[in-house]
**Q** 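I'd like to ask some things about the structure below.
Labels below follow one simple rule: chain letters A, B, ... track the order of the sequence lines, proteins then strands, and each chain is numbered from 1.
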Number of protein chains: 2
Amino acid sequence: MATIHDVALQAGVSPTTVSRYLNRRIELPAATAERIDAAIAALDYRPNVLAQRLSTGKSFAIGLVAPEIREPFFAEIASAVEDEADRHGYTVFISSTRSDRARELASLQRLVDRQVDGLLLMTNIPDDGALADMISRRRNVVVMDEDVPGASAPRLFVENREGMALATRHLIDHGHRRIAYLGGPEGLFSVTERREGFRLAMAEAGITLPPGYMVFGSFAPAHARLATLGLLDLAEPPTAIVASSDYLAMGAILALRDRGIVVPEDMSLIAFDDAAFGALITPPLTAIRQPVELIGRRGFQLLLDLLEGREPPALTRLPVDLIRRQSVGAPRRKDLK
Amino acid sequence: MATIHDVALQAGVSPTTVSRYLNRRIELPAATAERIDAAIAALDYRPNVLAQRLSTGKSFAIGLVAPEIREPFFAEIASAVEDEADRHGYTVFISSTRSDRARELASLQRLVDRQVDGLLLMTNIPDDGALADMISRRRNVVVMDEDVPGASAPRLFVENREGMALATRHLIDHGHRRIAYLGGPEGLFSVTERREGFRLAMAEAGITLPPGYMVFGSFAPAHARLATLGLLDLAEPPTAIVASSDYLAMGAILALRDRGIVVPEDMSLIAFDDAAFGALITPPLTAIRQPVELIGRRGFQLLLDLLEGREPPALTRLPVDLIRRQSVGAPRRKDLK
DNA sequence: CTGGTTTAGTAAAGCGGTTTCATAACCTGA
DNA sequence: TCAGGTTATGAAACCGCTTTACTAAACCAG
């Protein structure tokens, strides 16, 4: 591999000159510039990024920490981040934490050690303060999707409350009153916000929630399946279910399928997130769509603001949309109160 | 950030000693070791990875080039690679090419610029030789999933031919004879192999393929939708469709849904790949499962072999499985020849 | 007591860039 | 003609770590 030295030698100038020329810090006479260009071409020289980084302290790389890149939601965000970063000359290190506290911290540390310029952080486990601590120590981190309470960093969330209220109202508008709620793990900011949205819409409509109609736990489909089975065994089972994530809806579908319950005739179902597979289910899933592409792009832009010394807003909220497909219908007559 | 210099100063030794101690190149008297340890702890010192890399030429990082990590198939492989790499102290740099020739080469080049020790490469566009060239020049690349003809690198593929024959025989065993085939873009190795598997199984059963029953094109669902519509418009439409990827099956489902055709009663459908969403579709999709987890892990292991000077096999084939769900049934009587 | 072998450690030269500080050569206008 | 300002370029320090080559001191057998 040719170095800047080789180029300098071949062009008959000093490495300094080559470096400055390449970094546009200097205007060279045409003749010199040409000699350097020729040498670069002849030697197929390309700067050693590592050396550049070490020397400048700038890496033009950022880290993206996600719970699990295998999940479509995070994969799509990652993809958008990468694209946006690429557009600005940055590369992205992606790291999955598998929702494991230790891995999360380790991932973070590793990325910090690798001297990336900044970090885009997504977590989905409640923090005990350690994470908030690490984040607050630096000012090159943006928190996305889920809050890390107490961390001083720009945050980027979607309209969880409004979105969930929208979903709930959609069911109410179809005539449902016995509406059950599948939440995620308690202690998470977004879980709380979404629940509030649900409660808000129910209260607006003057509906009181029967006991057992709200279930919290993990985001695992298996858990949602069990929870749904429980819902179906109630004396007065719901006529509609709000799932606060696609994965939860997946679990619900599994349970409904087990019991031979048809969506939307016997049960309406609406989800939050709207990953790609929702459109493929039969019937296609009505859902609140998170603007994943936008989350990724905006997240990177916020980080870039930080890196380039601009002051990004402390909190950014992105709007969500109701995507009407076919998993929501009117309740059966006999089920109406 | 504390440097090795600071540590040395505080411990009253030279940087050399600290470096060697940290890298286990020297056995130090307990007293000295303790002083160094104390200094490290006090200063919260952590080696600058960039400097280490520059100095040693080793980065303990690998690159993973995929067409699009947003796609579940690649996301799952990426996830497995990351996990396996992590286990061996390597970090993974993921890069999506979006199936774009230029981005593919750029990605490769960027990674090659000394930033990573090796590369795991997945492509899904036919190569014109440029890729093969770049790969052959180095001996730290493993090619996965799809071939890059002419490149001298270890390859890791699944049993495309056998798998597709398996899928086809499964339909034949159910009584189908009018079986159509949705292939991917021609010119790809795996596309060719899978087609051969299909042909093989059909020939075994003595079935001759009506014209128009094999369609090639892109992997895009939209394309498959159109192709399926075309199939349905044939004078003698098929009673079953083999899709050589999940995405193609997705497109087929969209078309069938448009026409009110019910799977598997009116049409059987079987796919290759078996991404997670296949189980969620109604009816759940019968498919040939690629061992994604294994592909990722084995891929990394092959690369590690290469990096550590062992000689990995030139070609590794991983087995595929038939996952029976509910998208395959017997053809209707009237449709039988 | 001598010369060889450990032991414990260091100075300095990289790795491949960037950047600060200089300098030499060449105007330019008074 | 010369002070003063450009313009074109370079030497050397530095980023933080590793590694080679070397030394000073202690040890040890003969």
**Q** I'd like to know if B:Glu293 and A:Arg70 make a salt bridge, using a cut-off of under 4.0 Å between side-chain N and carboxylate O.
**A**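 A salt bridge links B:Glu293 with A:Arg70.
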**Q** What integer distance in Å separates A:Arg53:CZ from D:dC17:P?
**A**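 The distance from CZ of A:Arg53 to P of D:dC17 comes to 16 Å, rounded to the nearest Å.
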**Q** I want to check something: taking the side chain as every heavy atom from C-beta on, are B:Arg297 and B:Arg87 in contact at a cut-off of under 4.5 Å?
**A**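 Side chain of B:Arg297 against side chain of B:Arg87, heavy atoms only: contact under 4.5 Å found.
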**Q** Within this structure, what is the CZ-to-P distance between B:Arg46 and D:dG16, rounded to whole angstrom?
**A**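 From B:Arg46 CZ to D:dG16 P: 16 Å.
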**Q** Within this structure, what is the NE2-to-C1' distance between B:His5 and D:dC14, rounded to whole angstrom?
**A**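 Atom-to-atom, B:His5 to D:dC14, this comes out as 12 Å.
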**Q** Decide yes or no, distance alone: a donor-acceptor N/O pair under 3.5 angstrom between the base of D:dG10 and the side-chain of A:Arg20.
**A**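 Indeed, a donor on one side and an acceptor on the other fall under 3.5 Å apart.
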**Q** Would you mind reading off the distance between B:Leu9 atom CG and D:dG16 atom P, rounded to a whole angstrom?
**A**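 Whole-Å distance recorded here is 14 Å.
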**Q** Please work out if A:Thr3 contacts a base, only the sugar-phosphate, or nothing of the nucleic acid, heavy-atom cut-off 4.0 Å.
**A**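 Sugar-phosphate only.
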**Q** When you match A:Pro47 and B:Thr17 each to their closest nucleotide on DNA chain C, which lands nearer the 5' end?
**A**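 The residue whose closest nucleotide sits nearer the 5' end is B:Thr17.
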**Q** Output the single nucleotide from D:dG16, D:dA8, D:dT19 whose closest atom is nearest the side chain of B:Leu54.
**A**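 The closest nucleotide is D:dG16.
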**Q** B:Tyr45 near the nucleic acid: base, sugar-phosphate alone, or nothing, with a heavy-atom cut-off under 4.0 Å?
**A**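 Touches sugar-phosphate only.
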**Q** Mind calculating the distance between CZ (B:Phe60) and P (D:dC17) to the nearest angstrom?
**A**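 That distance rounds to 16 Å.
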**Q** Are any of B:Arg25's side-chain N or O atoms less than 4.0 Å away from OP1 or OP2 of D:dT19?
**A**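 For B:Arg25, the contact criterion (side-chain N or O under 4.0 Å from OP1 or OP2 of D:dT19) is met.
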**Q** With a 4.5 Å cut-off on side-chain heavy atoms, are B:Ser19 and B:Ile4 touching?
**A**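 They are in side-chain contact.
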**Q** Expressed in angstrom and rounded to an integer, what is the separation of B:Asp6 atom CG from D:dG16 atom P?
**A**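 From B:Asp6 CG to D:dG16 P: 9 Å.
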**Q** Taking OP1 and OP2 of C:dT18, is either one under 4.0 Å from a side-chain nitrogen or oxygen of A:Asn23?
**A**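 Affirmative; the distance criterion is met.
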**Q** Do A:Ile26 and A:Thr17 come close enough that some side-chain heavy atom pair is under 4.5 Å?
**A**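 A:Ile26 vs A:Thr17: side chains apart.
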**Q** Tell me which nucleotide among D:dG10, D:dG16, D:dA8 gets nearest to the side chain of A:Pro29.
**A**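 Between D:dG10, D:dG16, D:dA8, the one nearest the side chain of A:Pro29 would be D:dA8.
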**Q** In terms of the angle between their ring planes, are B:Tyr90 and B:Phe300 parallel, tilted or perpendicular, with boundaries placed at 30° and 60°?
**A**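 Correct class here is perpendicular.
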**Q** Does A:Gln52 have a side-chain nitrogen or oxygen under 4.0 Å from the phosphate oxygens OP1 or OP2 of C:dG16?
**A**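 Checking A:Gln52 against C:dG16: no side-chain N or O falls below 4.0 Å of OP1 or OP2.
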**Q** Would you check if B:Leu188 and B:Phe219 make a side-chain contact, meaning some heavy-atom pair closer than 4.5 Å?
**A**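 Counting from C-beta outward, B:Leu188 and B:Phe219 do come under 4.5 Å.
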**Q** Kindly calculate the angle separating the two end axes of the helix from C:dC1-D:dG30 to C:dA30-D:dT1, each obtained from five base pairs, and round it to 10 degrees.
**A**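 Axis angle across the helix from C:dC1-D:dG30 to C:dA30-D:dT1, nearest 10°: 50°.
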**Q** Under a 3.5 Å threshold, yes or no: a donor from one side chain and an acceptor from the other, between A:Glu146 and A:Thr123?
**A**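 No - no donor-acceptor pair under 3.5 Å links their side chains.
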**Q** For B:Tyr21 and D:dC17, give me the distance from atom OH to atom P, rounded to whole Å.
**A**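 For the pair B:Tyr21 OH and D:dC17 P, the rounded distance is 16 Å.
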**Q** On a plain distance test, is the side chain of A:Thr16 in donor-acceptor contact with the base of C:dT19 below 3.5 Å?
**A**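 Such a pair is found, so the answer is yes.
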**Q** Taking the side chain of A:Leu28 as its heavy atoms from C-beta onward, which of D:dT9, C:dG16, C:dA12 lies nearest to it?
**A**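 Output: D:dT9.
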**Q** Take the protein atom CG of B:Leu50 and the nucleotide atom C1' of C:dT18, then report the distance between them rounded to whole Å.
**A**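 Taking CG of B:Leu50 and C1' of C:dT18, I get 14 Å after rounding.
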**Q** In residues 32-41 of chain B, which ones come under 4.0 Å of DNA chain D, going by heavy atoms?
**A**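 None, since no heavy atom is under 4.0 Å.
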**Q** Could you please name the option among C:dG17, D:dT9, C:dT19 that lies closest to any side-chain atom of A:Ile26?
**A**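 Closest nucleotide among those given: D:dT9.
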**Q** Between the base of C:dG14 and the side chain of B:Ser55, is there any donor-acceptor pair under 3.5 Å?
**A**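 Answer is yes: a donor-acceptor pair is held.
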**Q** Tell me, do B:Leu64 and B:Phe74 make a side-chain contact under 4.5 Å, heavy atoms counted?
**A**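 B:Leu64 vs B:Phe74: side chains apart.
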**Q** Roughly how far, to the nearest 0.5 Å, is the CD atom of B:Glu104 from the CG atom of B:Asp100?
**A**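 The CD atom of B:Glu104 is 8.5 Å from CG of B:Asp100, to the nearest 0.5 Å.
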**Q** Would you name the heavy atoms of B:Met122 and B:Pro67 that are closest together and state the gap between them?
**A**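 Minimum heavy-atom contact is O-CD, 3.4 Å.
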**Q** Hey, are A:Arg98 and A:Glu68 close enough for a salt bridge, meaning a charged N less than 4.0 Å from a carboxylate O?
**A**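 Looking at A:Glu68 together with A:Arg98, the answer is yes, because their closest N to O distance falls below 4.0 Å.
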